*Asks:* 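Supplied in structure tokens, the structure appears directly below.
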Amino acid sequence: MLRIDQKIIVSLVDDNDKIIDIGCDNGELLNHICAEKNVTTRGIEISMAGVNECVRNGHSVVHGDANTDLIHYPTKSFDKVILSKTLQAMNEPHETLKQITRMGKKAIVGFSNFGHYKVISDLVFNSRMPVTKSLPISWYETPNIHFCTIKDFINLCEELGLKIEKTIILKPNGSEIKSNPKGYYANLFGSDAIFVISDK
Amino acid sequence: MVKENEYPYNLPCEHVRFSGKDAVKLDCGMVLDDYNVSYKTYGKLNADKSNAIMIFHALTGDQFVAGKHPVTGKDGWWSRLVGKGKPVDTDKYFVICANILGSCMGTEGPKSINAKTGKRWNLSFPVITIADMIEVQIKLLNHLKIEKLHSIIGPSMGGMLAMYFASKYGDRTDNVIIVASSPQLSPRNIGFSEVARQSIMSDPNWHGGEYLEKGTVPDRGLATARMAAHITYLSESAMYKKFGRDLQNKEQLGYSFIESDFQVENYLKHQGASFVKRFDANSYLYITRAMDYFDTDKTAKSGLLSDAFKDTKNRWCIISISSDWLHPTKNSKKLMHALNGVGADVSFAELQSDAGHDAFLLDEPDFNAMIDGFLNGVK
């Protein structure tokens, strides 16, 4: 079963796109994209088990580290570069954003919002690092090392001169928030965000 | 003329002789005319000839890739990967494996009789390259009337052959699988090659390469060469696990040089001794030289590795072994990055194993799964 944020990513991919999923895990997202769209797929994955599963399903995936390996891909060699729940696990998220917008005509970035009220309230009123539906893993095991809010991400894109082409902010129940993405409502009540960005 | 019951025709496999229009102009400038290729096939070629897989063997490998080896009586060198119901399923694929040029299991090499002179080649055999080996394999493909292979697969030195094949004849295969190989040898690798060659040539029984004419073999030199090579096939931790510092059938140190003290010595001596029974010393000189000379960076005029594969339409699968220091992962990654640089369709995985380079010959489930997935995976 795909999460709602993954379903939205699938919907943002077009037929005949050449895509790469960075941190593609066992290829679940790639499988769903291929089931719905006629696309050429690539992936990068750090676990051998994930790579094996992807290759078994017909995807071309390399076993590697997205922190170091993106520089080897040619400029604008993909229609869409997908970074789903991986940005906050990168050593240098800003460098990653520069690389993926260089590699792809467009990049689709999905992440969990650390400004969501449940996250904040866990921290403020319960003195615990948050574990929520969108952030289900405890602090000592989570791959996320650079936490950000929706507003943080938008500010970073502005700083890097990246164009935000599309913004989708979701509540935990999957409904979309249409208000100002930098505003307090979107940042307090949006648990997940998906952006389409480019370096144009 | 070589008689039917003599080498190479006494080997239980297919043989084909090429000459005339199939002469090969070698990198060294010499033209090789009138040469034999010995090869083995498994499975059946389908009607539209779309299921053929060509496997390139490693330095001391041969065409007997699957089933029982008719000479040694042991399992074929990749029988765990190739055969009925295996990842390279011979019920599904038509597998071709030819002894490489310069080797000693039938295909023309220093041990063969030069048809022009009626004498054994020995050191008059031309110094050959990986490219020359592929030119000969292409002649075999033409002979078998196979325009396009399903896949080529090469481990170790076989990977070098596969790389060259893909760079020059990429349109004659769909898929390329490279296992535990490198786009070129490191100075350390070349150093080991030279130790092996010096060891062979300094054996008094080598006789300038004319040992078979003298009725001898440089077995001590060849065995020593194999012992040195065998160390490079194992990782340090594999050697610790296998032997530790354990003594060989004794409680105390022997205070001598004649008998083995340590198990590792005995193991290497055994490897050397069994190797000389099946391999030709001059072939070892020629093939190690070909590996030294191989350099994919130089394939393209620009000197860029990626340019060697600039227009590749192949699907690539590259596998390295985490503990392999002969063909370390970084060499496979160099190839993978070069291929990504030209937008190639490439999959890559580093197999976690502490067995060293030899892991490609062992039963590694992740390795089998990767090959199986790549060959048979469906989108």
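In this text the structure is predicted, and so the values were computed from the model without any measurement. Chain A is the first sequence line, chain B the second, and so forth, proteins listed ahead of strands; every chain is numbered from 1.
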*Asks:* Do B/His337 and A/Asp69 come within less than 4.5 Å of each other through their side chains, counting heavy atoms only?
*Replies:* yes
*Asks:* Could you measure the distance from the CG atom of B/Leu351 to the CG atom of A/Asn52? Nearest 0.5 Å is fine.
*Replies:* 9.0 Å
*Asks:* Checking the side chain of B/Ser347 only, and the main-chain atoms of A/Val62 only, is there a donor and an acceptor separated by less than 3.5 Å?
*Replies:* no
*Asks:* Counting only heavy atoms not in B/Lys298 (residues, nucleotides, ligands), do more than 12 fall under 6.0 Å from its NZ?
*Replies:* no
*Asks:* More than 12 foreign heavy atoms under 6.0 Å from NZ of A/Lys151: is that the case here?
*Replies:* no
*Asks:* Would you indicate whether the side-chain heavy atoms of B/Glu350 and A/Val51 approach each other to under 4.5 Å?
*Replies:* no
*Asks:* Once you measure the plane-to-plane angle for B/Phe348 and A/His63, does it fall in the parallel (<30°), tilted (30-60°) or perpendicular (>60°) bin?
*Replies:* tilted
*Asks:* For B/Lys241, is the NZ atom crowded, meaning more than 12 foreign heavy atoms sit under 6.0 Å from it?
*Replies:* no
*Asks:* Take atom NZ in A/Lys118; do more than 12 heavy atoms of anything else shown fall under 6.0 Å from it?
*Replies:* no
*Asks:* Working note: A/Arg42 + B/Asp345, criterion side-chain contact (heavy atoms from CB on, under 4.5 Å); need CA distance, chi angles, decisive distance, verdict.
*Replies:* CA-CA 8 Å; A/Arg42 301 279 190 276; B/Asp345 185 341; 3.5 Å; yes
*Asks:* Could you tell me which non-hydrogen atom of A/Pro74 sits nearest to which non-hydrogen atom of B/Gly341, and how far apart they are?
*Replies:* CG-O, 3.0 Å
*Asks:* Answer yes or no: are there more than 12 heavy-atom neighbours, outside B/Lys310 itself, under 6.0 Å from its atom NZ?
*Replies:* no
*Asks:* Under a 4.5 Å heavy-atom cut-off, does chain A meet the side chain of B/Met336, its backbone, both or neither?
*Replies:* side chain
*Asks:* Taking atom CD as the centre, does A/Glu176 end up with more than 12 heavy-atom neighbours from other residues, nucleotides or ligands that are less than 6.0 angstrom away?
*Replies:* yes
